[in-house]
Amino acid sequence: MRVLVATAVLVERDAVAAAFAPSAALEYAIPGATLSRVAPVEGGPLVFDLLAAGVGPAAAAAATAAALTAAALNEQTGEQTDDRTSGPYDLVVSAGIGGGFRPEAPVGSLVLADEITAADLGAETADGFVPVTELGFGAVTHRPPESLVRAVAAVTGARTGAVLTVNTVTGSAERAAKLRRRHPRALAEAMEGFGVAEAATAHGVPVLELRAVSNPVGPRDRAAWRIGDALAALTGAFGKLAPALESWNPHDR
């Protein structure tokens with residue numbers, strides 16, 4: 001099973017990589033990016049390709065799409081000979097740290113998306129925000145496979161709910177309250193999940209989003225941020241993923 005893990009920045013990618021044996025890492029280039037390949041067990045059936053895709057949904061979508069396309073082209077040209085590392089990906093995971101909505105997602109907790117929603121893709125009107133779907137365009141939500149969400153939540157202890165993708169990180173109590181009114185199931189916000197999900201969906205690949213909470217959603221208070229703790233939680237989560245992924249059938253959406 002091949003899994004593409006897209007983070008925003010290198011420190012998040014490295015936190016994921018820290019869950020695996022350093023000696024197993026192999027870096028290789030694709031157009032516009034570099035992938036770092038790791039495996040829970042050398043020679044085992046599960047392989048992760050780690051990608052620092054960039055900040056924001058556009059960068060995340062572009063880099064994820066490039067990696068998915070490169071994998072598909074490798075299958076067509078037969079460039080890879082190892083069955084574990086050739087052909088399309090079976091799963092894409094958007095991973096990293098993010099803000100958590102209190103009290104449901106406290107700092108240091110893990111949040112696993114059962115829906116990945118673009119929270120500010122739409123139009124402001126005199127009557128309030130209107131999502132792009134109500135304007136007659138596109139989509140604003142992607143839903144990961146329910147069976148996989150249950151399995152991953154069970155092994156990681158992650159809370160499940162909506163994870164919002166925003167272009168501007170929330171910095172006030174007023175905006176946090178508005179987001180919760182529009183999305184009462186929201187547990188966390190980040191900036192890449194919807195872009196990763198758009199690319200995965202275009203390639204017909206299922207997607208997850210897993211976030212470790214580094215700060216509360218609301219007024220920006222750097223003294224309350226716990227980035228190190230969140231990165232450690234992310235490492236711990238990926239160290240537990242293998243049994244859930246190995247037992248999951250990618251065709252069970």
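Start at 1 with the first residue, then count along the sequence.
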Assigning hydrophobic clusters by single linkage (Ile, Leu, Val, Met, Phe, Trp, Tyr; side-chain heavy-atom cutoff under 4.5 Å), is Val11 placed with Leu234?
no
Are any side-chain N or O atoms of Ser247 and backbone N or O atoms of Ala244, one a donor and one an acceptor, separated by less than 3.5 Å?
yes
Are Arg180 and Glu174 close enough for a salt bridge, meaning some N to O gap below 4.0 Å?
no
What do the steps show when you test Glu192 against Thr165 for side-chain hydrogen bond (donor to acceptor under 3.5 Å, both in side chains), and what is the final call?
CA-CA 6 Å; Glu192 293 77 34; Thr165 299; over 6 Å; no
Indicate yes or no: at least one non-hydrogen side-chain atom of Phe48 is less than 4.5 angstrom from one of Leu245.
yes
What residue among Val93, Thr156, Val38, Leu50 forms side chain to side chain contact (heavy atoms under 4.5 Å, CB included) with Phe238?
Val93
Out of curiosity, does Val196 fall in the hydrophobic cluster containing Val9 (side-chain heavy atoms, cut-off under 4.5 Å, transitive links)?
no
Please confirm whether the backbone N or O of Gly218 pairs with a side-chain atom of Thr170, one donor and one acceptor, at under 3.5 Å?
no
Any side-chain heavy atom of Asn215 sitting closer than 4.5 Å to one from Ile97?
no
Could you see if Phe20 belongs to whatever hydrophobic cluster contains Val155? Use Ile, Leu, Val, Met, Phe, Trp, Tyr and a side-chain cutoff under 4.5 Å.
no
So, the side chain of Arg226 versus the backbone of Ala223: is there a donor-acceptor pair under 3.5 Å, distance only?
yes
Examine distances only and state if a side-chain atom of Arg2 and a backbone atom of Leu46 form a donor-acceptor pair shorter than 3.5 Å.
no
Arg159/Glu104 salt bridge by N-O under 4.0 Å criterion:
no
Tell me which donor-acceptor pairs under 3.5 Å the side chains of residues 122-130 have, and how far apart each pair is, sequence neighbours excluded?
| unit_1 | atom_1 | unit_2 | atom_2 | d |
| --- | --- | --- | --- | --- |
| Thr125 | OG1 | Asp127 | N | 3.1 |
| Thr125 | OG1 | Gly128 | N | 3.3 |
| Thr125 | OG1 | Gly128 | O | 2.7 |

Applying side-chain hydrogen bond (donor to acceptor under 3.5 Å, both in side chains) to Arg13 and Thr7, what does each step give before you reach the verdict?
CA-CA 6 Å; Arg13 186 205 67 179; Thr7 68; over 6 Å; no
If only atom types and distance count, is the side chain of Glu27 paired as donor or acceptor with the main-chain N or O of Ser36 below 3.5 Å?
no
Does Leu148 share a hydrophobic cluster with Leu110, counting links as ILVMFWY side-chain heavy atoms below 4.5 Å and allowing steps through other members?
no
Considering only NZ, NE, NH1 and NH2 on the basic side and carboxylate oxygens on the acidic side, decide whether Asp49 and Arg37 come within less than 4.0 Å.
yes
Side-chain donor or acceptor of Glu246 paired with backbone N/O of Pro243 under 3.5 Å:
no
Where the side chain of Ser109 meets the backbone of Pro106, is there a donor-acceptor pair that is under 3.5 Å apart?
yes
Passing option when Glu115 is tested against His142, Arg143, His183 for side chain to side chain donor-acceptor pair (under 3.5 Å)
Arg143
